[in-house]
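For reference, the structure is listed below as structure tokens.
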Amino acid sequence: MNKPLDYIFPNPPEGLNLGALDLDNIPQHVAVIMDGNGRWAKKRAMNRLKGHKAGIEAVRETIRCASDLGVRYLTIYSFSTENWKRPQDEVVGLMDLFAKTMLAEVDGLHEENVRVRTIGDLSALPAETREAFEEAWQKTRNNTGMTLVVAVNYGSRQEILNAAEACVRRALARAAEGEDPTVALTEADFARGLYTADIPDPEVVIRTSGELRLSNFLLWQVAYSEFVITDTLWPDFDRYEFLRCLLAYQGRDRRFGAVK
Ligand code: IPE
Ligand code: IPE
Ligand code: MG
């Protein structure tokens, strides 16, 4: 971390103690299920897309705050493989919002030394959206700061199927070389086929809007992650909410199956 806490959090609300944050225990990888945009809009009698647009500011603030605190990977769940079931105008609006936002934000992210990448099947996205993500990746790929992982058209079951397929393909290749294809598979062998092959598992998963489920997010990777659920709807999420989530994480007793 290279910025003082009172710079990152200039106006902490009453009762939120910045000093309680253990700077030696900042998670390397925070994954966020950004939920509640639709309900935020509904409360204001607005179109759901207005909720998604309002959520952009929360994304910006979370990225900045995580990067300033020294988080190495921030994964944001932006569109699931199941989200295609939504009304056509919402899907089209979201894809357009992703493309425009990525184009508008990439220079600022680059200045922050953030590296942008995606997980998920980009091939099914409209060309403009796919290209915006690809350009952001190209531009920022050599940065050395936080990696922003955008999960877009991401589905964990699909990812796991892909990894299984990769294992089968490797076994067939071994058989074709005359080697024994029935080599025992390790967790590391399998994880090589996941989108997240070169990313550590998240220590913490944050979900907004009070929902208590994973919705097909990082099923393999969250085996020992801590879950922090907040009732805040995503567009109302800000750096202070992020701090509260980190404090909740730091208060957990992580045992990984052992006795402490
Ligand atoms: C999360 O907000 C954003 C996406 C899934 C793209 P929602 O759109 O799911 O908001 P709610 O859950 O309907 O309130
Ligand atoms: C999960 O939220 C997906 C994203 C945040 C992109 P959803 O709103 O789609 O999840 P469900 O339908 O409530 O489980
Ligand atoms: Mg939702």
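Atoms within a ligand are numbered from 1 in the order they appear, just like the ligands themselves.
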Which atoms of ligand 2 have any heavy atom of [X] under 4.0 Å away?
X: Ile33; result: 5 (C)
X: Ser215; result: 1 (C), 10 (O), 11 (P), 14 (O)
X: Phe79; result: 6 (C)
X: Asp35; result: 8 (O)

Considering heavy atoms of the protein only, find what lies nearest to [atom] and give residue, atom and distance to 0.1 Å.
atom: atom 10 (O) of ligand 1; value: Gly38 N, 2.9 Å
atom: atom 1 (C) of ligand 1; value: Met34 O, 3.0 Å
atom: atom 5 (C) of ligand 1; value: Arg86 NH2, 3.4 Å
atom: atom 12 (O) of ligand 2; value: Arg213 NH2, 4.6 Å

| Which option out of Glu82, Lys85, Arg39, Arg207 puts a heavy atom nearest to atom 2 (O) of ligand 2? |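 Comparing heavy atoms across Glu82, Lys85, Arg39, Arg207, the nearest one to atom 2 (O) of ligand 2 lies in Arg207.
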
| query | Checking salt bridge (charged side-chain N to carboxylate O under 4.0 Å, His left out) against Asp198, which of Arg115, Arg192, Arg117, Arg72 comes through? | reply |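 Going through the options one by one, the only one that passes is Arg117.
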
| said: Does Glu61 form a salt bridge (Lys or Arg N to Asp or Glu O under 4.0 Å) with Arg64? I'd like the steps, not just the answer. | reply: CA-CA 5 Å; Glu61 192 158 326; Arg64 169 67 72 96; over 6 Å; no

Distance only, no hydrogens: is a donor on one side chain within 3.5 Å (strictly under) of an acceptor on the other, for [X] and [Y]?
X: Glu82; Y: Asn216; result: yes
X: Thr230; Y: Arg244; result: no
X: Gln158; Y: Thr81; result: no
X: His29; Y: Asp201; result: no

| message | Taking only non-hydrogen atoms of Gly36, do any sit less than 4.0 angstrom from ligand 1? | response |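 In this structure, Gly36 qualifies as a contact of ligand 1 - some heavy atom is under 4.0 Å.
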
| message | Is Lys42 close enough to touch ligand 1? Criterion: a residue heavy atom under 4.0 Å from a ligand atom. | response |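 It does not, in that no heavy atom of Lys42 comes within the 4.0 Å cut-off of ligand 1.
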
| Would atom 14 (O) of ligand 2 count as contacted, meaning some protein heavy atom under 4.0 Å? |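 Given the 4.0 Å limit, the answer for atom 14 (O) of ligand 2 is yes, a protein heavy atom qualifies.
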
| Heavy-atom check, side chain of Thr62 versus side chain of Trp234, under 4.5 Å |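 In contact.
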
| message | Please list, in number order, the atoms of ligand 1 under 4.0 Å from a heavy atom of Asn83. | response |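 It comes down to these atoms of ligand 1: 5 (C).
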
| said: Testing the basics here: between Arg254 and Lys260, what is the closest heavy-atom pair and its distance to 0.1 Å? | reply: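 For Arg254 and Lys260, the tightest heavy-atom pair comes out as O-NZ, 3.2 Å.
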
| request: For the Mg ion (ligand 3), decide whether Asp35 has an N, O or S atom at a distance under 2.8 Å. | output: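 Here the distance criterion (N, O or S atom, under 2.8 Å) is met by Asp35, so yes.
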
| said: Below 4.0 Å, non-hydrogen atoms only: which portion of Glu211 touches ligand 1? Side chain, backbone, both or neither. | reply: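 It is neither part, as no heavy atom is under 4.0 Å.
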
| query | Has ligand 2 got any nitrogen or oxygen that is less than 3.5 angstrom from a nitrogen or oxygen of Tyr77? | reply |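 No, since none of the N or O atoms of Tyr77 sits under 3.5 Å from an N or O of ligand 2.
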
| Would one find an N or O of Ser78, backbone or side chain, under 3.5 Å from an N or O of ligand 2? |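 By distance alone, the answer is no.
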
| field | Any donor-acceptor pair under 3.5 Å from Asn143 side chain to Gly145 backbone | value |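 No, because the side chain of Asn143 does not come within donor-acceptor range (under 3.5 Å) of the backbone of Gly145.
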
| request: Would you confirm whether Tyr249, through its side chain, and Val30, through its main-chain N or O, come within 3.5 Å as a donor-acceptor pair? | output: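 No.
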
| Residues Arg174 and Glu177 bridged, charged N to O under 4.0 Å |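 Between Glu177 and Arg174 there is no salt bridge, as every charged N stays at least 4.0 Å from the carboxylate O atoms.
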
